[in-house]
There are 2 protein chains.
Amino acid sequence: MEVPERRRDAGRTRQRLLDAARGRFAADGFSSTTVRQVADEAGVDVALIKRYFGSKEGLFEACLAAAVDDLRAPADDGAEHADLAARLAHHALGAGVSGAASGQALMLLLRSSGDEAVDDLRRRVLGEHSERLARRLAPGGGDGAAVSPVELLTAQVALAAVVGVAVLRSSPGLEPLRAAEPAQLAALLRRLLDTPES
Amino acid sequence: MEVPERRRDAGRTRQRLLDAARGRFAADGFSSTTVRQVADEAGVDVALIKRYFGSKEGLFEACLAAAVDDLRAPADDGAEHADLAARLAHHALGAGVSGAASGQALMLLLRSSGDEAVDDLRRRVLGEHSERLARRLAPGGGDGAAVSPVELLTAQVALAAVVGVAVLRSSPGLEPLRAAEPAQLAALLRRLLDTPES
DNA sequence: CGGTCAAGTCATCGACCGTTGACTTCAGTC
DNA sequence: GACTGAAGTCAACGGTCGATGACTTGACCG
């Protein structure tokens with residue numbers, strides 16, 4: 001299974017560009033990131049971005065698609081976290097499927113490239129997640145019936161809390177929030193998921 | 001008290017630039033905003049930005065200073081909102097002192113210009129707010145003693161929730177979260193401010 | 001070994017950005 | 001009504017960005 005370490009490997013350089021771009025886009029945003037920075041960090045030439053992704057926006061969309069896959073991936077923790085809050089915290093705040101840093105996929109999802117299609121994708125993903133969360137919040141536990149407006153709003157506030165934690169952990173690096181473990185954050189966020197009225 | 005509507009008024013154009021810039025910076029971020037956009041939206045010439053604010057960064061810092069003043073301003077609601085959650089929600093998510101849109105000051109605080117001094121200011125403001133919130137969370141209600149780590153973390157998670165609500169309301173426009181009233185959000189966020197352990 | 005095509009390099013283009021200084025116009029003063 | 005300084009206008013600058021196409025180098029196959 002040992003790869004012979006080819007000096008020219010399209011898939012490898014493509015992945016390097018993807019990794020470098022994802023970090024830059026998540027940390028600095030779309031417009032602050034330059035394709036030359038990404039290419040330098042990946043150790044390849046700038047022109048290869050056009051070859052493999054068409055344009056800077058194409059590169060961003062590829063990063064976003066990977067992040068969406070990370071976020072949509074079923075919690076492989078499985079039965080490890082029986083609690084809904086623990087699963088939410090680990091899924092959104094813990095390390096992603098790939099070697100992404102904590103909360104990187106979530107930060108990437110919040111970044112805007114100015115493209116309307118990208119904004120629609122973001123809206124769709126956030127809407128799906130909030131609805132799924134609301135369904136699990138319902139007493140029945142996710143039967144076919146539509147969720148009530150208050151349940152949906154509750155789920156969105158809980159989702160907002162996770163988003164806010166990711167934001168405050170990344171750019172301002174607020175301590176001790178940044179160093180807190182997902183389990184500890186889950187314990188604090190759990191109260192948001194209780195039913196508002198008995 | 002009728003202002004004679006001078007055609008040349010330095011203070012007026014300065015305020016117009018400030019208003020236009022604050023909206024653009026809060027909505028699109030620092031690097032996505034161009035000084036020509038701001039000048040056009042304000043109806044003045046681009047060169048006046050240099051005259052009144054020195055540079056684009058100076059304009060951003062002036063906007064940020066105004067936002068920090070908004071956030072640091074004592075809740076003029078006074079005794080109107082006896083509840084801590086209601087005060088937090090109204091203060092951060094309601095309309096600002098000036099005619100700023102909902103959560104605009106908070107969004108502006110999260111934006112980065114790449115300047116390290118600005119990042120330090122953001123860290124300081126967020127740290128102050130979380131500490132103040134933690135002090136009010138303490139059973140004693142804000143005596144001189146230092147807050148416990150768990151109280152500080154609880155306050156920061158609550159602050160993160162408010163930040164996340166502001167983020168999801170602004171760029172993705174997640175419904176029904178976007179249209180929710182501060183009082184309704186306060187009712188949902190209140191559970192985060194309870195003491196974790198009895 | 002030579003052919004062939006993908007992978008990677010290089011220089012450069014046009015556009016846009018922030019910035020700047022010289023110029024023009026208006027308001028207040030004597 | 002001329003003087004003066006502030007307020008506003010204009011054109012242009014250097015620099016950087018994303019994009020592009022011609023060129024070179026390498027790997028694989030017969």
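For the numbers below, each heavy atom of this structure counts, side chains included, while hydrogens, waters and symmetry mates do not. This structure is a prediction, so every number in the text was calculated from the model and none was measured. Protein chains get the first letters and strands the later ones, always in sequence-line order, with residue 1 at the start of each.
In this structure, CD of B:Glu57 is placed 17 Å from P of C:dC17, rounded to the nearest angstrom. B:Leu17 has its CG atom 14 Å from the C1' atom of D:dT9, to the nearest Å. In this structure, CD1 of A:Ile49 is placed 9 Å from P of D:dA19, rounded to the nearest angstrom. We find that NZ of A:Lys56 is positioned 13 Å from C1' of C:dC16, with the value rounded to whole Å.
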Return a table of donor-acceptor pairs under 3.5 angstrom between the side chains of residues 60-68 of chain B and protein atoms on other chains or two or more places apart.
none

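Residues satisfying the salt bridge (Lys or Arg N to Asp or Glu O under 4.0 Å) criterion with A:Glu181, sequence neighbours excluded, are absent altogether. Partners of B:Arg8 according to the salt bridge (Lys or Arg N to Asp or Glu O under 4.0 Å) rule, which considers only residues two or more places apart in sequence or in another chain, do not exist here. With sequence neighbours excluded, the residues that form a side-chain contact (heavy atoms from CB on, under 4.5 Å) with B:Ala42 are B:Arg16, B:Leu17, B:Ala20, B:Val44.
Note on residues 149-178 of chain A: no pairs pass salt bridge (Lys or Arg N to Asp or Glu O under 4.0 Å), not counting sequence neighbours. A salt bridge (Lys or Arg N to Asp or Glu O under 4.0 Å) check over residues 102-119 of chain A, counting only residues at least two apart or in different chains, returns the pairs A:Asp119-A:Arg122. Legend: salt bridge (Lys or Arg N to Asp or Glu O under 4.0 Å) pairs involving residues 25-48 of chain A, not counting sequence neighbours, sorted by first then second residue: A:Arg24-A:Asp28, A:Arg24-A:Glu41.
A sub-4.0 Å separation between OP1 or OP2 of C:dT20 and a side-chain N or O of B:Lys50 is present.
A heavy-atom distance below 4.0 Å to DNA chain D is reached by none of the residues of residues 18-34 of chain B.
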- Carefully, step by step, assess B:Arg72 and B:Asp69 under the rule salt bridge (Lys or Arg N to Asp or Glu O under 4.0 Å). CA-CA 5 Å; B:Arg72 278 183 175 157; B:Asp69 284 349; 5.8 Å; no
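In terms of position on DNA chain C, the residue among B:Arg36 and A:Arg36 whose nearest nucleotide sits closer to the 5' end is A:Arg36.
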- Query: When you check every protein heavy atom under 4.0 Å of nucleotides 3-11 of chain C, what one-letter string (B, S, -) results, 5' to 3'?
  - Reply: ---BBBBB-
